[in-house]
Student: 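Submitted below is the structure of interest, expressed as structure tokens.
For the numbers below, each heavy atom of this structure counts, side chains included, while hydrogens, waters and symmetry mates do not. Note on naming: letters A, B, ... go to the chains in the order of the sequence lines (proteins, then strands), and numbering restarts at 1 for each one.
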Number of protein chains: 2
Amino acid sequence: MATGSRVSSPRTSVWLSERPAPRRKTDQQPDGLDRVKIVAASVRLLDAEGLAKFSMRRLAAELGVTAMSVYWYVDTKDDLLELALDTVMGEIALPPEAVEPAAALAHPFPAGQRDWREQLRQLAGEYRKLIVRHPWLSPLTGEYLNIGPNAMAFAHAAMRVMRNSGLPDDKVPGALSLVYQFVYGYSTIEGRFGARCRAAGVSEDVFYRQVMDTIAGRPEFDESRAIAEARGGDTVAEMRARDFAVALDCAIAGIEALRNG
Amino acid sequence: MATGSRVSSPRTSVWLSERPAPRRKTDQQPDGLDRVKIVAASVRLLDAEGLAKFSMRRLAAELGVTAMSVYWYVDTKDDLLELALDTVMGEIALPPEAVEPAAALAHPFPAGQRDWREQLRQLAGEYRKLIVRHPWLSPLTGEYLNIGPNAMAFAHAAMRVMRNSGLPDDKVPGALSLVYQFVYGYSTIEGRFGARCRAAGVSEDVFYRQVMDTIAGRPEFDESRAIAEARGGDTVAEMRARDFAVALDCAIAGIEALRNG
DNA sequence: ACCTGAACACCGTTCAAGT
DNA sequence: ACCTGAACACCGTTCAAGT
């Protein structure tokens, strides 16, 4: 209730809390707990066992400590998950053209930089891989404000790339949403499907075959089957790659049309 | 383990279970429990209190019954949520041109029907409104296979509309993903933001103002602010409507380009 | 400053028992 | 056929107490 940096009365995000992370003196027993260690262990557990099985008690056991020790470093489970979320967002490799802040504002088209289409495809591909690699990330992205430093750097880079397309500024948010939300939704489904198959102990291709066999005799799926055949692709991974590429092509073609028209 | 209609060993969806929903004789005390009643009460509770607060015990209390009675009609909480999910999917008004199955396959362009762009915008708008109206729906859509009858009808309608654009069949899945996942992601954020504001007791416009004030003095947000000003819009609702329209315009322009090029 | 143990108010679900 | 009560194995979090 002091500085006014908080945005609304109920706590909305770790990143808006006034109190900084507790610091420990540098020279202390190195086997002690630590915010960084806690978050790293959380990411490890989330990757290995999924969001549903992640609990403060499970985490504490992993750290060889009692459940309540963690609460010295973190206020709530939600805060911890927000920290884990932003930590993995740092794994995204940003296009170098999109990271310097001041230059881009003054000169939207620095000479010699790669085409904006390439940059956009790189960002989209990176984000997709991230979400598929960490399937627990999707629900958290939807749940929290996602305003940590790494998430912000990513959002800014995406915005710069979109401006580099030459699209008028008033259309940038809409076009950005189109691409960003597509990648998010697409990769979420992809990641969940993979996790589901792993849990069931079936390969993605086998599972896909089974689904196709299930709808084999049903005429109401004739159109879907025709579409699937037209697209082709021998493996699920291949089909996914094609659809993803077509969708990005479509968005990019749309951006070019809006820019020129 | 009998008919082969199940897709993998662990139960993946209510809709793939062999055993039909328990039936009660028609003439029985009308105040008894019922699958339909249970699902309806679930939807009511989910709308009122959100997914996080929804529990079997809470639901049972609402129905004036003990927690375990519900388990007579439903195997697990997950199954119940899947049923609730598909139930509200039925609220979507499908474009009449996209519901008859056989005609569309034979004649992709029946005379006198509305433009495919209009149909696509209607579907997108309907889905957006649904997700914003029921914010609990988004996480469930991500979590389950979403293959209930109403979800399937919606997916088929969307596919027909996309085919009506004249896009070659091999590009239909990609273009469909672009639009569908965009609407899903966009509406999810919109719905969560609304729910968050309601929980905090702040109007969306006030909250937005506060965020803008928070980043007022920070130069790293200069570009974001410039973009926001270029877009204009006096209220959050207005800005959202504009961005949504621009994104759809962009996707539609992209579809036209892929179709012609 | 950091960590523990016991306790509170919850969960989903199983299972034997009632009518 | 339908519903209940007690119980099991969990949760996140508070709080007083230890060192």
Side-chain angles (χ1 to χ4, degrees), chain A residues 10-11 14 17 19-39 41-42 45-46 49-84 136 139-140 143-144, chain B residues 10-11 14 17 19-39 41-42 45-46 49-84 136 139-140 143-144:
Chain A
R11 168 69 120 345
V14 223
S17 75
R19 174 162 66 77
R23 287 282 173 86
R24 51 167 43 240
K25 295 130 209 105
T26 49
D27 41 18
Q28 208 155 353
Q29 66 279 25
D31 55 329
L33 235 43
D34 193 316
R35 232 196 208 205
V36 179
K37 273 184 205 162
I38 289 173
V39 173
S42 301
L45 269 182
L46 286 162
E49 306 178 356
L51 182 58
K53 286 191 170 169
F54 180 79
S55 77
M56 297 300 271
R57 288 169 150 103
R58 178 77 189 79
L59 171 65
E62 187 74 7
L63 290 165
V65 101
T66 200
M68 299 309 106
S69 309
V70 181
Y71 280 94
W72 182 260
Y73 300 91
V74 135
D75 274 356
T76 66
K77 189 190 182 188
D78 278 327
D79 280 8
L80 177 54
L81 289 174
E82 260 193 287
L83 292 170
W136 48 273
L140 299 186
E143 191 153 337
Y144 305 120
Chain B
R11 167 69 118 344
V14 223
S17 74
R19 174 162 65 78
R23 287 283 172 84
R24 53 167 44 243
K25 296 129 208 107
T26 49
D27 42 17
Q28 208 155 352
Q29 66 279 25
D31 55 328
L33 236 43
D34 192 315
R35 234 197 207 204
V36 179
K37 273 184 204 162
I38 288 174
V39 174
S42 301
L45 269 181
L46 287 163
E49 306 178 357
L51 182 59
K53 287 192 170 169
F54 181 78
S55 78
M56 298 300 270
R57 289 170 149 102
R58 178 75 188 80
L59 170 66
E62 187 74 7
L63 290 165
V65 102
T66 200
M68 298 311 107
S69 309
V70 181
Y71 281 93
W72 183 259
Y73 300 93
V74 136
D75 274 357
T76 66
K77 188 190 182 189
D78 278 328
D79 279 8
L80 177 54
L81 289 174
E82 261 192 286
L83 292 170
W136 48 273
L140 299 187
E143 192 152 337
Y144 304 120

Student: Who passes salt bridge (charged side-chain N to carboxylate O under 4.0 Å, His left out) against A/Glu49, sequence neighbours left out?
Tutor: A/Arg58
Student: Give the B/S/- string for nucleotides 14-19 of chain D, one per nucleotide from 5' to 3', where a protein heavy atom under 4.0 Å of the base yields B, of only the sugar-phosphate yields S, and otherwise -.
Tutor: B-----
Student: Nearest whole angstrom, please: distance from the C1' of C/dT13 to the CG of B/Asp78.
Tutor: 12 Å
Student: How close or far is atom C1' of D/dG12 from atom CG of A/Leu81, stated in whole angstroms?
Tutor: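 Going from CG in A/Leu81 over to C1' in D/dG12 covers 12 Å.
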Student: Rounded to the nearest 0.5 Å, how far apart are CG of B/Leu140 and CG of B/Leu51?
Tutor: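 Atom-to-atom, B/Leu140:CG and B/Leu51:CG are 5.5 Å apart.
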Student: Is there side-chain contact between B/Leu80 and B/Phe54, with heavy atoms separated by less than 4.5 Å?
Tutor: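 A side-chain contact exists here, since the closest heavy-atom pair is under 4.5 Å.
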Student: Side chain to side chain contact (heavy atoms under 4.5 Å, CB included) with A/Val65: which residues, sequence neighbours excluded?
Tutor: A/Leu33, A/Ala60, A/Leu63, A/Ser69
Student: To the nearest angstrom, how far is B/Lys77 atom NZ from D/dC11 atom P?
Tutor: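 Result: 15 Å.
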Student: Does a side-chain N or O from B/Tyr73 land closer than 4.0 Å to OP1 or OP2 of D/dC2, or not?
Tutor: no
Student: Residues in side chain to side chain donor-acceptor pair (under 3.5 Å) with A/Tyr71, at least two apart?
Tutor: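 Not a single residue meets the side chain to side chain donor-acceptor pair (under 3.5 Å) criterion with A/Tyr71.
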Student: Please work out which residues in residues 54-64 of chain B have a non-hydrogen atom less than 4.0 Å from an atom of DNA chain C and list them by number.
Tutor: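 Heavy-atom contacts with DNA chain C come from B/Phe54, B/Ser55, B/Met56, B/Arg57.
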Student: For A/Trp136 and A/Ala84, which heavy atoms make the closest approach, and how far apart are they?
Tutor: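 Heavy atoms of A/Trp136 and A/Ala84 come nearest at CH2-O, 3.9 Å.
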Student: Using whole Å, what does the distance between atom C1' of nucleotide C/dT13 and atom CG of B/Leu80 come to?
Tutor: 14 Å
Student: Reading DNA chain D 5' to 3', how would its secondary structure be written in dot-bracket notation, given Watson-Crick and G-U pairs with both distances under 3.5 Å, brackets [ ] for crossing pairs and | for partners on other strands?
Tutor: ||.|||||...|||||.||
Student: Please answer whether the main-chain N or O of B/Ala67 pairs with a side-chain N or O of B/Arg57 as donor and acceptor at a distance below 3.5 Å.
Tutor: no
Student: Kindly compute the distance separating OG (A/Ser55) from NZ (A/Lys77), expressed to the nearest 0.5 Å.
Tutor: 6.5 Å
Student: For D/dC3, does OP1 or OP2 lie under 4.0 Å from any side-chain N or O of B/Thr66?
Tutor: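 For D/dC3, neither OP1 nor OP2 has a side-chain N or O of B/Thr66 closer than 4.0 Å.
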Student: I want to check something: taking the side chain as every heavy atom from C-beta on, are B/Asp75 and B/Ser17 in contact at a cut-off of under 4.5 Å?
Tutor: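 Side-chain contact under 4.5 Å: no.
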Student: Does B/Trp72 put a side-chain nitrogen or oxygen below 4.0 Å from OP1 or OP2 of D/dC3?
Tutor: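 No.
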Student: Within the 4.5 Å heavy-atom criterion, are A/Val74 and A/Val14 side-chain neighbours or not?
Tutor: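 They are not in contact (no side-chain heavy atoms under 4.5 Å apart), so the answer is no.
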Student: Starting at CG of A/Asp79 and ending at P of D/dG12, how long is that distance when rounded to a whole Å?
Tutor: 14 Å
Student: Once you round to the nearest 0.5 Å, how far does CD1 of A/Ile38 lie from CE of A/Met56?
Tutor: 8.0 Å
Student: What's the CG-P distance between A/Asp34 and C/dA1, to the nearest Å?
Tutor: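 Checked: the CG to P distance equals 17 Å.
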